[in-house]
Peer 1: 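Here's a structure for you.
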Amino acid sequence: MKMIVGLMSVIAALLVALAGPLYKFGIVELGTAFTGFKFGLFAGIAALVLLAIQLLFRRNTASIGSALASAVLAVAAIAVPLGMMNTAKNVPPIHDISTDLVNPPEFVAIAPLRADAPNPVTYAGAEVAEQQRAAYPDLQTLTYTQSRPELVEAAKQAIENLGWELVNTDADKGIIEATETTAWFGFKDDVIIRVTDNDSERLVDIRSKSRVGQSDLGKNAARIHKLIEELDGVLGSK
């Protein structure tokens with residue numbers, strides 16, 4: 001029983017932990033990776049059930065160390081998928097977030113890089129905008145007093161500080177484009193920053209869009225918040 005419990009908990013943890021790297025390096029498709037998540041969850045639950053049976057009826061076969069290790073692995077295998085599922089329930093099933101919902105910044109250099117992506121480069125429109133307004137009402141156009149060149153340079157610096165890949169900079173048009181690759185699954189999400197003049201002020205809009213997946217689990221909104229924070233930090237240090 002001890003060996004079965006240990007093996008089941010290890011399998012559960014591996015099914016969950018390896019789902020991302022296996023997809024990231026092109027070994028399995030995304031659907032297969034998420035299936036691994038599901039089986040990891042079931043295996044984790046099975047491991048906990050078997051561990052409980054062992055502790056209740058065959059306590060003499062269990063050691064504190066092995067039981068604790070099995071429990072930790074099983075709980076981790078259960079917690080990660082359940083946490084993602086819970087997040088998915090609490091955010092809208094969208095993957096394109098913009099501070100300007102009427103005229104979102106349009107990708108330029110990134111557009112051809114997304115040619116084969118499941119999620120098209122175009123903005124989905126009013127339905128997505130309405131869902132974003134309800135979920136992230138604080139994401140709106142930003143206003144700055146710095147010049148356009150200063151803001152473009154600050155945005156470039158913010159992107160470099162965050163470790164994202166800088167794809168395109170057009171100071172004349174006030175456009176900066178970048179891509180962030182997530183660590184676990186290797187998802188590529190694209191970002192564009194647009195700086196426009198408005199009399200004595202500059203308007204800054206940011207758009208973040210996933211290349212794959214229907215729901216981004218709130219990642220694009222979080223990415224915009226992170227970029228705004230970094231941009232303000234760069235501007236404040238000058």
Side-chain angles (χ1 to χ4, degrees), residues 1-56 62 64-97 114 116-119 124 127-128 131-132 134-136 139 162-164 179-191 208-226:
M1 177 68 81
K2 175 181 176 181
M3 183 177 296
I4 295 175
V5 172
L7 181 60
M8 185 69 74
S9 61
V10 169
I11 290 174
L14 288 176
L15 283 170
V16 172
L18 294 179
L22 288 175
Y23 170 76
K24 181 177 181 179
F25 295 108
I27 299 172
V28 301
E29 297 294 330
L30 185 58
T32 304
F34 284 143
T35 297
F37 255 33
K38 181 174 67 175
F39 283 113
L41 171 63
F42 294 154
I45 294 172
L48 285 184
V49 171
L50 290 175
L51 179 60
I53 292 173
Q54 181 185 20
L55 294 176
L56 287 173
I64 295 178
S66 63
L68 182 60
S70 296
V72 168
L73 290 174
V75 169
I78 295 170
V80 172
L82 286 184
M84 294 176 68
M85 291 167 60
N86 183 62
T87 300
K89 291 180 180 179
N90 292 303
V91 298
I94 57 178
H95 53 261
D96 193 351
I97 305 297
R114 297 180 60 103
D116 298 326
N119 294 334
E127 183 178 352
V128 168
Q131 292 183 76
Q132 181 187 317
Y136 315 112
L139 287 179
L162 291 168
W164 302 350
T179 297
E180 181 184 14
T181 303
T182 63
W184 189 11
F185 274 81
F187 293 133
K188 289 185 178 296
D189 298 336
D190 299 309
V191 176
S208 180
K209 183 179 179 73
S210 304
R211 295 191 189 183
V212 300
Q214 180 180 3
S215 174
D216 64 5
L217 302 181
K219 295 297 185 182
N220 284 298
R223 182 176 295 108
I224 292 177
H225 280 301
K226 185 188 296 185

Peer 1: Determine whether I11 and F39 satisfy the following criterion, side chain to side chain contact (heavy atoms under 4.5 Å, CB included), listing intermediate values before the conclusion.
Peer 2: CA-CA 9 Å; I11 290 174; F39 283 113; over 6 Å; no
Peer 1: Out of curiosity, I94 CD1 to K209 NZ, how far, rounded to the nearest 0.5 Å?
Peer 2: 10.0 Å
Peer 1: Would you check if P93 and Q131 make a side-chain contact, meaning some heavy-atom pair closer than 4.5 Å?
Peer 2: yes
Peer 1: Between L48 and V75, is a side chain to side chain contact (heavy atoms under 4.5 Å, CB included) present by the stated rule, with each step listed?
Peer 2: CA-CA 8 Å; L48 285 184; V75 169; 4.2 Å; yes
Peer 1: When rounded to the nearest 0.5 angstrom, what is the spacing between CG in L73 and CD1 in I78?
Peer 2: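 L73 CG to I78 CD1: 11.0 Å, rounded to 0.5 Å.
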Peer 1: Between G44 and A77, which heavy-atom pair has the shortest distance, and what is it?
Peer 2: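 Looking at all heavy atoms of both residues, the shortest contact is CA-CB, 4.5 Å.
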Peer 1: Do K219 and D189 sit within salt-bridge range, that is, some charged N less than 4.0 Å from a carboxylate O?
Peer 2: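 No, this pair does not count.
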Peer 1: Please say whether more than 12 non-hydrogen atoms of neighbouring residues, nucleotides or ligands are located less than 6.0 Å from CZ in F185.
Peer 2: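 More than 12 within 6.0 Å, yes.
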Peer 1: Specify the closest pair of heavy atoms between G36 and L15, including all atoms of both residues, with the distance to one decimal.
Peer 2: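 Closest heavy-atom pair between G36 and L15: O-CB, 3.5 Å.
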Peer 1: Without swapping roles, check the side chain of S9 against the backbone of G6 for a donor-acceptor pair under 3.5 Å.
Peer 2: yes
Peer 1: Working to the nearest 0.5 Å, report the span between CD of Q132 and CD1 of I97.
Peer 2: 4.5 Å
Peer 1: Between N220 and D96, is any pair of side-chain heavy atoms under 4.5 Å apart?
Peer 2: no
Peer 1: Which value, rounded to the nearest 0.5 Å, describes the distance between T35 atom OG1 and L30 atom CG?
Peer 2: 9.5 Å
Peer 1: If you compare all heavy atoms of V212 against all heavy atoms of P118, which two are closest, and at what distance to 0.1 Å?
Peer 2: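 In terms of heavy atoms, the two residues are closest at CG1-CD, 3.4 Å.
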Peer 1: Taking C-beta and beyond as the side chain, do E180 and K188 meet within less than 4.5 Å on heavy atoms?
Peer 2: no
Peer 1: Counting distance only, does the side-chain N/O of S215 pair as donor-acceptor with the main-chain N or O of L217 below 3.5 Å?
Peer 2: yes
Peer 1: Kindly check if the number of other-residue, nucleotide or ligand heavy atoms within 6.0 Å of CG (N90) is above 12?
Peer 2: yes
Peer 1: Are any of the side-chain heavy atoms of M8 and V5 separated by less than 4.5 Å?
Peer 2: no
Peer 1: For F187, does its backbone N or O pair with a side-chain atom of T182 as donor and acceptor, under 3.5 Å?
Peer 2: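 Flag set: sc T182 to bb F187 pair under 3.5 Å.
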Peer 1: Does the K38 side chain pair with the main chain of P81, one donor and one acceptor, at a distance under 3.5 Å?
Peer 2: no
Peer 1: Is it true that atom CD1 of I4 has more than 12 heavy atoms of other residues, nucleotides or ligands lying nearer than 6.0 Å?
Peer 2: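 Not more than 12 within 6.0 Å, no.
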Peer 1: How about L139 and H225: do any of their side-chain heavy atoms sit closer than 4.5 Å?
Peer 2: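 A side-chain contact exists here, since the closest heavy-atom pair is under 4.5 Å.
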Peer 1: Looking only at atom types and distance, does a side-chain atom of W184 sit under 3.5 Å from a main-chain N or O of A17, one as donor and one as acceptor?
Peer 2: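 Yes, because the side chain of W184 sits within donor-acceptor range (under 3.5 Å) of the backbone of A17.
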Peer 1: Ignoring hydrogens and angles, tell me if any N or O in the side chain of N119 forms a donor-acceptor pair with the backbone of G213 under 3.5 Å.
Peer 2: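 Yes; judged by distance alone, with no hydrogens or angles, the pair exists.
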Peer 1: So Y23 and T32, side chain to side chain contact (heavy atoms under 4.5 Å, CB included) or not? Walk me through it.
Peer 2: CA-CA 8 Å; Y23 170 76; T32 304; over 6 Å; no
